[in-house]
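Chain letters run A, B, ... following the sequence lines, proteins first, then strands; residues in each count from 1. Note that the structure is a prediction, hence the values are computed from the model and not measured.
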Protein chains: 2
Amino acid sequence: MKRRATIKDVAERAGVSKAAVSYVLNDIRKVSAETKARVLQAASELDYQPDFTARSLTKRTSNMIGVILPLVDASIANVMQENTYYNEMISAIEKVARENGFDVLLTGLARPEEYRNWVQKRRLDGLLFLGLFPASIYAEMRSMEVPAVLIDTYEEHTGKYPSVNINDEKGGFLAAEHLLSLGHENIAFLTTGLENPVEVHRYKGFTRAFQERGMTVPSPETAETTHRLESGWMIGKKLAGSSRTAIVCTSDITAFGVIRALYEAGVRVPEDVSVTGFDDIHISRYTTPSLTTVRQHIMQKGTAAAEKLIETMKGHPAAGETFDVKLVIRESTAPPKQ
Amino acid sequence: MKRRATIKDVAERAGVSKAAVSYVLNDIRKVSAETKARVLQAASELDYQPDFTARSLTKRTSNMIGVILPLVDASIANVMQENTYYNEMISAIEKVARENGFDVLLTGLARPEEYRNWVQKRRLDGLLFLGLFPASIYAEMRSMEVPAVLIDTYEEHTGKYPSVNINDEKGGFLAAEHLLSLGHENIAFLTTGLENPVEVHRYKGFTRAFQERGMTVPSPETAETTHRLESGWMIGKKLAGSSRTAIVCTSDITAFGVIRALYEAGVRVPEDVSVTGFDDIHISRYTTPSLTTVRQHIMQKGTAAAEKLIETMKGHPAAGETFDVKLVIRESTAPPKQ
DNA sequence: AAACCTTTTGAAAACGTTGTCAATCCGGAG
DNA sequence: CTCCGGATTGACAACGTTTTCAAAAGGTTT
C-alpha cells in the first residue's frame with residue numbers, strides 16, 4: 001500500500017515550492033510557462049490529487065452540500081420510505097452536485113440545535129431542505145452564513161431563503177375543477193395536515209373551484225401521518241360508506257391507499273367513486289385504474305433547486321422559483337353514476 | 001456572526017493546554033478529576049464542538065461512510081428512480097450511520113478509476129456498495145484499506161468483502177413452485193439480465209422447481225434495462241399474445257409493468273395470467289390486484305449491512321449474511337383457467 | 001533529604017493544503 | 001554601472017485537531 005502523493009512530493013519532484021504547485025493547480029496566479037509545465041508533469045507522474053480534508057481546513061469549505069430530510073419518529077424512513085417522489089428528487093440533486101464537483105451528504109437531523117453544529121463541523125458549503133421543518137430551523141440558519149435552498153416550502157415562512165416549489169394552489173384547483181366539471185358535487189379533500197403550507201395552498205385551490213361555482217366548500221379530511229399508503233387506506237375505509245362520490249388526495253401515495261380501501265369495501269373506482277392524486281410519480285401511470293393526478297415535474301424541481309444552490313454558493317444569489325403543474329387525466333376519474 | 005470556539009479557546013479558558021482538552025474530551029488518557037472538571041466546564045460554556053475537518057486531517061478518518069449506487073447512463077436516477085427498494089435501503093443505512101455518529105455520503109461514480117481518488121480525497125471510513133458493479137472495482141478496492149460491505153452481490157465475485165444478500169435461489173424457487181402447484185405449466189421468467197448473479201440465482205431456483213417435477217425449464221425472457229416499470233411493460237406487451245399462463249418477475253416494479261401491459265391488451269390478472277413479483281415493496285399490498293411476491297426484509301438487510309460495516313470499521317471484521325425470503329400470496333396469482 | 005516511582009501535564013510536531021508576504025530575478029532606463 | 005519596476009517564486013504561517021515526547025508534580029521509600 002503505497003502512500004498517496006502529497007503536494008510536497010509534487011513540489012520536490014518538480015523542483016519548486018509547495019506554493020508554486022498550488023498556484024499552478026488552482027490556476028490562481030501567473031506562473032511561467034516553463035515551471036507550469038514542470039509542475040503539471042510531476043503531478044501527473046505522481047497521480048497527485050489534492051486532499052479535500054486538508055484543503056477544507058484552510059479554505060473553510062468542504063465541497064459538500066447537505067440534503068436534509070425531515071425526521072419523523074427519529075427516522076427519515078417514515079417520510080421517504082414509500083414514495084418515489086424522494087427518489088427522483090435525490091437523484092436529480094445528486095446529479096447536479098456531482099457534475100459540479102460536489103458531494104452530497106444525506107441526513108435527517110433530530111433536534112434543531114444540531115443543525116448548526118453539524119453544518120459547522122462538516123463545513124458544509126450549502127444546504128438543501130427537503131420538505132417542512134420547524135420554524136426555529138430557519139432562524140438558526142439565518143445566524144449562520146451557509147447558503148440554502150428550500151424545496152416545497154413557502155418563503156413567507158422562511159424569511160430570506162429562496163424556495164423552489166410548485167403552484168400548489170393551482171394543483172388543488174385543477175383536481176377539484178376536473179371533478180366538478182365531471183358532475184361531482186360531494187367531494188372529499190384528503191390532506192396530511194394543514195400545518196404544512198403546501199397542503200394549505202392545495203386546499204385553497206380546491207376551495208376556489210367550489211367558490212367560483214358558488215358551491216359550499218367541503219371541509220378537509222385529515223390523515224394522521226405523512227404521505228403514506230396506510231394513511232390513505234385508513235381514510236378510504238372511513239369514506240367507503242359515505243356519500244362522497246369523489247376524493248381529492250394530496251399525493252399519489254395516499255390516493256393508492258384510498259383506492260385500495262375502497263376496493264376492499266366493494267366500492268369501484270371510478271365507477272362508484274372517483275379519486276385523484278398529486279405528484280404523478282412513475283407508477284401512477286401503470287396501476288389499474290391508472291391515476292388521474294396533478295403532475296409536477298419532480299426532477300426538474302430537484303435540478304433547479306440544486307442549481308440555484310450552487311449558483312448561490314458561487315456568490316450569485318438565486319431567487320426562488322415556482323413551477324407549473326398540470327392535470328393528467330387517466331382512469332381513476334369518471335362522471336358520478338346516475 | 002461570532003467565531004466558533006476552537007480547542008485553543010477552551011484550553012485558555014480552562015487554563016490548560018490544548019492537549020489536555022483533547023485528552024479529556026476524547027477520554028484518551030488519565031486526567032485528574034479537577035482539571036477534567038475545569039475542561040468540561042469551559043467546553044460547555046463555550047459550546048465547544050470539535051471540528052471534523054481538522055480532526056480528519058490528523059486521524060485520517062472522516063466519520064463518513066460512502067453509499068455507492070451504480071451509475072447507468074451517467075445517472076443514479078435510472079436505477080433508483082422508480083423503486084422504493086432504494087428508499088428503504090438508504091433510510092435504514094442512514095439511520096444506523098447517524099446513530100453511530102457517522103454521516104452518509106451518497107453517490108454514483110462514473111469510472112472505476114474515480115473510486116480510489118474519491119475515497120482517499122474524502123478519507124471515507126467505509127463503503128457500502130448497493131447493487132452490481134464492474135469487477136474491476138473490487139480489485140481497485142482491495143488495493144486500498146477501506147472497509148466495505150456489499151449489498152446484493154455474491155462473494156464469489158468480490159473476493160474478500162462481506163456481502164449482505166438474500167436467498168435468491170429460494171426466492172426464485174418459491175415463486176415457480178407456487179405457480180406450478182397452482183397448475184401452471186407454461187411459465188415465463190422475466191429477468192433484467194443474467195450478467196447479474198442475483199438474477200442468476202433467482203433463475204436457478206426457478207429452474208429447480210421445474211426439475212424437481214421433471215418438467216422442462218423455460219428459457220428466460222430478458223428485459224432491456226434495469227428494474228423499471230417500462231421494462232416490465234414492454235415484455236408484458238410481448239407476452240400478452242403468448243401461451244404463457246404465468247409470469248415470474250424478478251422485481252415488483254417490473255411485475256407492475258407487466259400487469260399493466262396485460263391489462264391494456266385485455267388480459268386479466270389473475271384470471272387469464274398469473275404474475276409474481278420480487279421484493280415486496282410497500283405498494284405491492286395496495287395495488288389491484290395486490291401482488292403475490294417474494295418478500296425480503298429490505299430495511300433489515302440495509303440495517304445489517306450498515307452495522308457490519310461499522311463493526312468492521314471498528315476493527316471487528318464482520319462476515320457476510322444471507323437473509324431468508326418468503327412467499328407472500330396475494331391476488332395476482334390463481335390457478336390457470338380451464 | 002535524596003532517590004525513585006507514578007501520575008499528570010504541556011510544548012511542539014504533524015496532518016496537507018492555501019495564502020501572505022518578502023525575496024529574487026530579469027530587462028531596461030538613467 | 002546602478003537603480004528601478006515588474007514578473008515570478010519561495011519561506012513560512014495558518015487552519016484546528018491529535019499525538020509524541022519529555023518535563024513537572026506529587027508521593028514513597030530509603
Side-chain angles (χ1 to χ4, degrees), chain A residues 2-40 42-43 46-64 101 117-125, chain B residues 2-40 42-43 46-64 101 117-125:
Chain A
K2 72 174 196 293
R3 201 175 54 82
R4 188 175 159 83
T6 74
I7 199 171
K8 194 174 158 216
D9 301 323
V10 178
E12 281 167 4
R13 172 172 269 251
V16 297
S17 71
K18 291 188 295 173
V21 177
S22 181
Y23 301 150
V24 172
L25 264 27
N26 297 310
D27 201 17
I28 214 179
R29 212 148 90 174
K30 267 241 129 336
V31 163
S32 74
E34 193 248 352
T35 52
K36 184 171 191 166
R38 278 220 313 286
V39 168
L40 256 20
L46 294 173
D47 191 26
Y48 170 70
Q49 296 284 131
D51 182 295
F52 274 30
T53 306
R55 173 180 289 178
S56 287
L57 198 58
T58 41
K59 303 212 15 165
R60 343 193 57 80
T61 75
S62 62
N63 257 265
M64 297 194 292
N117 264 325
W118 182 68
V119 170
Q120 296 186 337
K121 279 205 289 219
R122 288 289 184 204
R123 310 206 169 184
L124 259 22
D125 295 338
Chain B
K2 69 175 197 294
R3 203 174 54 82
R4 187 176 160 81
T6 73
I7 199 172
K8 195 175 158 214
D9 301 323
V10 178
E12 280 168 4
R13 172 171 266 250
V16 297
S17 72
K18 292 187 296 173
V21 177
S22 181
Y23 300 149
V24 172
L25 264 27
N26 297 308
D27 201 15
I28 215 181
R29 214 146 91 172
K30 268 239 123 346
V31 162
S32 74
E34 193 248 352
T35 53
K36 184 173 192 165
R38 278 220 313 283
V39 168
L40 256 19
L46 294 173
D47 191 27
Y48 170 72
Q49 297 284 133
D51 182 295
F52 274 32
T53 305
R55 173 179 289 177
S56 287
L57 198 57
T58 41
K59 303 211 19 163
R60 343 194 57 79
T61 74
S62 61
N63 256 265
M64 297 193 292
N117 263 325
W118 182 68
V119 169
Q120 295 186 338
K121 279 205 290 217
R122 288 287 184 207
R123 310 207 169 183
L124 260 21
D125 295 339

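- Heavy atoms of A:S56 sit nowhere under 4.0 angstrom from any nucleic acid atom.
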Under 4.0 Å protein heavy-atom contacts per nucleotide of nucleotides 12-25 of chain C, with B for base, S for backbone only and - for none = --BBBBBBBB----
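- Contact detail for B:A14 and B:V39: the closest heavy-atom pair is CB-CA, 4.0 Å.
- With hydrogens and angles ignored, the 3.5 Å screen pairs no side-chain donor or acceptor of B:D125 with any backbone N or O of B:T61.
- For the 3.5 Å distance criterion, the side chains of A:T53 and A:S56 fail to qualify, holding no donor opposite an acceptor.
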Please tabulate, one pair per line, each protein N/O and nucleotide N/O from nucleotides 23-27 of chain D that are separated by under 3.5 Å, including the distance.
none

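- Geometric assessment of A:R122 against the ring of B:F52 yields a negative cation-pi assignment under the 6.0 Å and 45° thresholds.
- With sequence neighbours excluded, the residues that form a side chain to side chain contact (heavy atoms under 4.5 Å, CB included) with A:D9 are A:R3, A:A5, A:T6, A:L46.
- Rounded to an integer number of Å, the gap from CG of B:D27 to C1' of D:dT18 is 15 Å.
- What separates CG of B:L25 from P of D:dT17 is a distance of 10 Å, to the nearest Å.
- Screening A:K121, A:Q120, A:R123 against B:D51 for a side-chain hydrogen bond (donor to acceptor under 3.5 Å, both in side chains) leaves a single residue, A:R123.
- A donor-acceptor pair under 3.5 Å is absent between the side-chain atoms of B:R29 and the main chain of B:V24, judged by distance alone.
- In this structure, B:D9 atom CG and D:dG16 atom P are separated by 9 Å, rounded to whole Å.
- At least one side-chain nitrogen or oxygen of B:T35 sits closer than 4.0 Å to the OP1 or OP2 atom of C:dT9.
- Scanning all heavy atoms of the two residues, the minimum distance from B:R38 to B:V16 falls at NH2-CG1, 3.5 Å.
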